[in-house]
Amino acid sequence: MQLSRDVQLLRDYAAAEAKRAGHGVIEPLHVAAALARKDAAGFASAFGDSASAAVMRALKGLPVASGPAVESPALTELLGGLAIGERSRRPAAGGDC
């Protein structure tokens, strides 16, 4: 499944969050942490003022693993859903919207 540039960038940010926390598996929680770090005001308005702090606390509780970070099945499903959602928002070729 081809991911858009924006979704790929989000995955990269999530991988950086996993690495920063010393986690070997990239989870959806890392995506939330990346969003909180990249757009704290937007994240807080969407999820509440205390959400960013809660995400950071939860990240500290994830298990630490050695070796390269790999995507969890939950992250793969989340990214796949984002890619499908992007395609469903595009107008069909040759069709009127």
Side-chain angles (χ1 to χ4, degrees):
M1 176 174 296
Q2 184 68 20
L3 299 178
S4 74
R5 186 169 177 240
D6 290 341
V7 174
Q8 289 175 1
L9 188 59
L10 185 57
R11 179 180 54 192
D12 291 345
Y13 288 156
E17 289 298 326
K19 184 175 181 179
R20 180 187 331 273
H23 303 148
V25 178
I26 308 167
E27 298 283 354
L29 192 57
H30 296 112
V31 174
L35 290 171
R37 220 180 274 280
K38 296 294 177 189
D39 183 11
F43 186 87
S45 70
F47 299 102
D49 291 337
S50 63
S52 184
V55 165
M56 296 306 170
R57 279 194 309 275
L59 278 173
K60 291 178 183 173
L62 287 174
V64 175
S66 61
V70 297
E71 291 182 17
S72 70
L75 179 67
T76 302
E77 183 177 330
L78 172 67
L79 295 175
L82 288 172
I84 290 168
E86 288 174 346
R87 281 201 304 272
S88 68
R89 288 191 303 267
R90 292 184 200 141
D96 292 330
C97 291

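Sequence positions, counted from 1, serve as the residue numbers for this chain.
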Can you pull out every ring pair (Phe, Tyr, Trp, His ring centres under 6.0 Å) where at least one residue sits in [range]? Sequence neighbours excluded, please.
range          : answer
residues 4-29  : H23-H30
residues 57-76 : none
residues 58-80 : none

Side chains of residues 68-75: which donor-acceptor partners sit under 3.5 Å, not counting sequence neighbours?
| unit_1 | atom_1 | unit_2 | atom_2 | d |
| --- | --- | --- | --- | --- |
| E71 | OE1 | T76 | OG1 | 3.4 |
| E71 | OE2 | R11 | NH1 | 3.3 |
| S72 | OG | I26 | O | 3.1 |
| S72 | OG | E27 | OE1 | 3.1 |
| S72 | OG | A74 | N | 3.4 |
| S72 | OG | L75 | N | 3.0 |

Between NZ of K60 and CG of L62, what distance do you get to the nearest 0.5 Å?
12.0 Å

Please assess L82 against D6 for the test side-chain contact (heavy atoms from CB on, under 4.5 Å), listing each intermediate value before the final yes or no.
CA-CA 10 Å; L82 288 172; D6 290 341; over 6 Å; no

Got a sec, which hydrophobics cluster with V64, joining ILVMFWY side chains under 4.5 Å apart, including via others?
none

Is it the case that atom CD in E77 sees more than 12 heavy atoms from other parts of the structure closer than 6.0 Å?
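Result for CD/E77: open.
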
Report all side-chain donor-acceptor pairs from residues 46-59 shorter than 3.5 Å, counting only partners two or more places apart or in another chain.
none

Pairs flagged by salt bridge (Lys or Arg N to Asp or Glu O under 4.0 Å) wherever residues 13-25 is involved - sequence neighbours left out
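Every pair satisfying salt bridge (Lys or Arg N to Asp or Glu O under 4.0 Å) with a residue in residues 13-25: E17-R20, E17-R37.
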
